[in-house]
2 protein chains.
Amino acid sequence: MHDDETSTGESPTGRRPTIYDIAERLELSPSTVSRALHKPGRINATTVEKIRAVADELGYRVNPMARALPTGMSGTFAVVLPDITNPVHFELIRGAEQVARSHGATLVVSESEGSPALERETIETLQQSVDGLLVVASRLDAAQLRKLAAIKPIVAANHSARDLPSVTPDLRGGLTAALDHLHELGHRSVAYLGVTGLAINRARWDILLDLATEGSMSVVEIGIEEPTVDGGSSALRRIRASGVTAVLAYNDLVAHGVLRAARAAGIDVPTAFSVVGFDDIFSAELTVPALTTLRSPLRDIGTKAMALLADPGTNRSPSHVVLPIELVTRESTAPPPPR
Amino acid sequence: MHDDETSTGESPTGRRPTIYDIAERLELSPSTVSRALHKPGRINATTVEKIRAVADELGYRVNPMARALPTGMSGTFAVVLPDITNPVHFELIRGAEQVARSHGATLVVSESEGSPALERETIETLQQSVDGLLVVASRLDAAQLRKLAAIKPIVAANHSARDLPSVTPDLRGGLTAALDHLHELGHRSVAYLGVTGLAINRARWDILLDLATEGSMSVVEIGIEEPTVDGGSSALRRIRASGVTAVLAYNDLVAHGVLRAARAAGIDVPTAFSVVGFDDIFSAELTVPALTTLRSPLRDIGTKAMALLADPGTNRSPSHVVLPIELVTRESTAPPPPR
DNA sequence: CTGTTAGCGCTTTCAT
DNA sequence: ATGAAAGCGCTAACAG
């Protein structure tokens, strides 16, 4: 059996060829090879040809490390986020990955486990080897981030940071739509299921407070520990005790948890109370009842944020991009029970 | 407002200090600093102290790039997978990330979009800057992978590759359990909803064929294009046409799709037919009916695979680790309809 | 225990 | 259009 049918015929040795190898082969200087490969136009067209030919005959690839040393540019960007397991982040990562790739860059993903200290540590370490960082749902405050950004550009995704470029969803718009929807259905008192201690949570709560004051809606906060399915489940008793007729969940995972707990307890949603999620992750339409949720433009946030980051013209100026949130009405919201 | 309360007092300049800066400050040689920081025991304890002190006074961090050049070790590993968006990969990535971190290494995640050519390209590029690769659900054949592995170690995760270390779930065991379960319920004909053209798919199908021959079960394959929710939905008509009373889905996403389509068509699962998923992603228990599924030890696969990869003693020897699969029985399976 | 020297692979003046 | 040489930050012999 012959299994040698590879396109690029790399040498059998375990060592990758360098520009020296190809320079030697052609009796040229390494600098010429370097230029031929990366500075179009500055070298005789026919020598470029030859160099190219030998390059892929040898299966040459530039060594990004070696390249990064003199230039200070690594061609890689990092995204650091609190929890890589949260489906919310995936579309964001994917958007970012796609844009990074279109710039010929690589993406590094790193998790900070929701710890500010670890987040800081991660950023400082990563800064040595990337051209910029995408910080998602940071647990660090604006001042710290600004200071870190002095070394390598940082753009904030999914949370705002005063002095940094940021890409965020239009929380106010989205929350308004959700509250209006609930109000139209007849609800007058809603609970917000938030994760205590997160900056983004505070922002939402503030807006909700504003909105409630404006409209004729009463709103209470029910704090949960973790933005997970289990976190949501654990809140059921308090939801029932609070007497609200609708709940706004921190995210879809939490909403899933509420649904699961309600179902387990024999409580029908949306008959007993309505549930609105946040994010519209893929499973939101698969539950029963299917989840009414605020669709956050995750993919676009990732795309936009990476575009800002990859462009030297924008990655330092604090431009705040705000993307619209859409209310997706499904089955988990209905008029409140008569009382 | 004073906002200077950072722990490590880094210099106001945008340039990170090097070992030269700290060597100069202490009138030592750079190599002493290098050793003090990374070769414990070889340097006078008190000088190490001083060096440490100056180091974090200056906010020093090693530059991994500079370090990688002479050593050939970058301290980063890559995981390349077909689709970063597939929840199946979440836990695997997370497991890998955790182990990588415990080795002080960074993880790069890269997507190949299911294209063999792009996968190859991605691997070759990444090889220059990582110490090893975790290739998940590869679309490349064993020969190609073996050849690529000549440069940097590759371990195969979630699919086997003859000459490479691999970590895979016990497909045969799992499928046996699923078929037994179905058989006990009274099913005698099942369809396998596979993604045509994937190596791992072929493996499953072969096992299924084996198993069907052994037991008294007839099995047909229904091919779908993509292992996604939509892919699953699109198969409903063919499932109904085939006359089978149970279906084994390629993964939970596909199963979700079948459930969704059935629900939309007013067909009740499991009354009309049973559905068994694969993987047990977090949303499997949230659907209605909750999904009976084969729980693949994703997290452990990630953990194990990265452990093999990070250990120079194991990352070249083709050890095949097989992890057990567990059948999780929920609501989507029941006796077949009487006929 | 510590200093000197050379180089990792590539880019980049400065020459020619 | 091409070459020579220096250097990016760090490590690794090889001396002392």
Side-chain angles (χ1 to χ4, degrees), chain A residues 13-52 54-55 58-76 104 125 127-131 151-152, chain B residues 13-52 54-55 58-76 104 125 127-131 151-152:
Chain A
T13 130
R15 186 184 142 281
R16 284 245 172 231
T18 74
I19 51 172
Y20 282 82
D21 296 320
I22 112 149
E24 197 173 333
R25 200 88 134 46
L26 259 35
E27 302 193 307
L28 285 170
S29 100
S31 26
T32 305
V33 176
S34 172
R35 284 188 282 247
L37 260 20
H38 304 296
K39 299 274 198 281
R42 308 184 52 63
I43 297 288
N44 180 306
T46 77
T47 29
V48 170
E49 283 298 276
K50 285 187 212 151
I51 291 179
R52 283 253 165 69
V54 176
L58 258 40
Y60 169 82
R61 304 272 161 172
V62 315
N63 181 331
M65 304 288 190
R67 191 169 213 204
L69 219 34
T71 59
M73 297 274 88
S74 63
T76 111
T125 304
Q127 278 178 327
Q128 297 286 334
S129 35
V130 302
D131 296 341
I151 308 289
K152 288 287 169 64
Chain B
T13 128
R15 187 185 141 280
R16 285 248 172 227
T18 73
I19 51 172
Y20 282 83
D21 296 320
I22 114 149
E24 197 172 336
R25 199 91 132 46
L26 259 33
E27 302 192 307
L28 285 171
S29 101
S31 27
T32 304
V33 176
S34 171
R35 283 188 283 247
L37 260 19
H38 304 295
K39 300 272 200 262
R42 311 184 50 64
I43 298 287
N44 180 305
T46 79
T47 25
V48 170
E49 282 297 276
K50 286 187 212 153
I51 291 180
R52 283 254 166 71
V54 177
L58 260 39
Y60 169 82
R61 304 273 161 169
V62 318
N63 181 330
M65 304 288 191
R67 191 167 212 208
L69 220 32
T71 59
M73 296 276 90
S74 63
T76 112
T125 303
Q127 278 178 327
Q128 297 286 331
S129 34
V130 302
D131 297 341
I151 308 288
K152 288 288 170 66

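Reminder, nothing fancy here: chain letters follow the sequence lines and each chain counts from 1. Every heavy atom of this structure was used, including side-chain atoms; hydrogens, water molecules and symmetry mates were not.
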message: Measure CG/A:D21 against C1'/C:dC8 and give the value in whole Å, please.
response: 13 Å
Identify the pairs formed between an N or O of the protein and an N or O of nucleotides 6-8 of chain D at a distance under 3.5 Å, and give each distance.
from  : atom 1 : to    : atom 2 : distance (Å)
D:dC8 : O2     : A:P70 : N      : 3.0

task: Would you please name every residue forming a side-chain hydrogen bond (donor to acceptor under 3.5 Å, both in side chains) with A:S129, sequence neighbours left out?
output: none
Just the atom pairs and distances: protein N or O near nucleotides 3-5 of chain C's N or O, under 3.5 Å.
from  : atom 1 : to    : atom 2 : distance (Å)
C:dG3 : OP2    : B:S29 : N      : 3.0
C:dG3 : OP2    : B:T32 : OG1    : 2.6
C:dG3 : N7     : B:R35 : NH2    : 2.8
C:dG3 : O6     : B:R35 : NH1    : 3.1
C:dG3 : O6     : B:R35 : NH2    : 3.3
C:dT4 : O4     : B:S31 : OG     : 3.1

message: Does D:dT11 have OP1 or OP2 under 4.0 Å away from a side-chain N or O of B:R67?
response: yes
- request: Send over the distance from A:N63 CG to C:dG7 P, rounded to a whole Å.
  value: 19 Å
- prompt: Would you call B:T18 and B:N63 a side-chain contact if the rule is heavy atoms closer than 4.5 Å?
  reply: no
Bend angle of the helix from C:dC1-D:dG16 to C:dT16-D:dA1, from helix axes over five pairs at each end, nearest 10°: 30°
- prompt: What parts of residues 37-47 of chain A reach DNA chain D, counting only heavy atoms under 4.0 Å away?
  reply: A:R42, A:I43, A:N44, A:T47
query: Tell me, do B:Y60 and B:I19 make a side-chain contact under 4.5 Å, heavy atoms counted?
result: yes
B:Q128 CD to C:dG9 P, straight-line distance once rounded to whole Å: 10 Å
- prompt: With sequence neighbours excluded, what pairs up with B:Q127 under the side-chain hydrogen bond (donor to acceptor under 3.5 Å, both in side chains) test?
  reply: A:R16
message: Could you check whether any side-chain heavy atom of A:R61 comes within less than 4.5 Å of a side-chain heavy atom of B:T125, counting everything from C-beta outward?
response: yes
field: Qualifying residues under side-chain hydrogen bond (donor to acceptor under 3.5 Å, both in side chains), relative to A:D21, sequence neighbours excluded
entry: A:R15
message: Is there a side-chain contact between A:L58 and A:R25 in this structure, where contact means two heavy atoms from C-beta onward sitting under 4.5 Å apart?
response: yes
statement: Heavy-atom nearest pair, B:D131 first then B:S74, reads OD1-N, 2.7 Å
Whether over 12 other heavy atoms sit under 6.0 Å from B:E24 CD: no
Can you list, pair by pair, the side-chain donor-acceptor contacts under 3.5 Å of residues 31-43 of chain B, counting residues two or more places apart and other chains?
from  : atom 1 : to    : atom 2 : distance (Å)
B:S31 : OG     : B:S29 : OG     : 2.7
B:T32 : OG1    : B:S29 : OG     : 3.4
B:H38 : ND1    : B:R67 : NH2    : 3.1

- line: In terms of heavy-atom contacts, B:K152 and B:G72 come closest through NZ-O, 4.5 Å
- prompt: For B:R52, what residues pass the side-chain hydrogen bond (donor to acceptor under 3.5 Å, both in side chains) criterion, not counting sequence neighbours?
  reply: none
query: Please give, in whole Å, the distance from D:dG9 C1' to B:M73 CE?
result: 18 Å
field: Nearest-Å distance for atom pair CZ/C1', residues A:R15 and C:dG7
entry: 14 Å
- request: For B:E24 and C:dT2, give me the distance from atom CD to atom P, rounded to whole Å.
  value: 19 Å
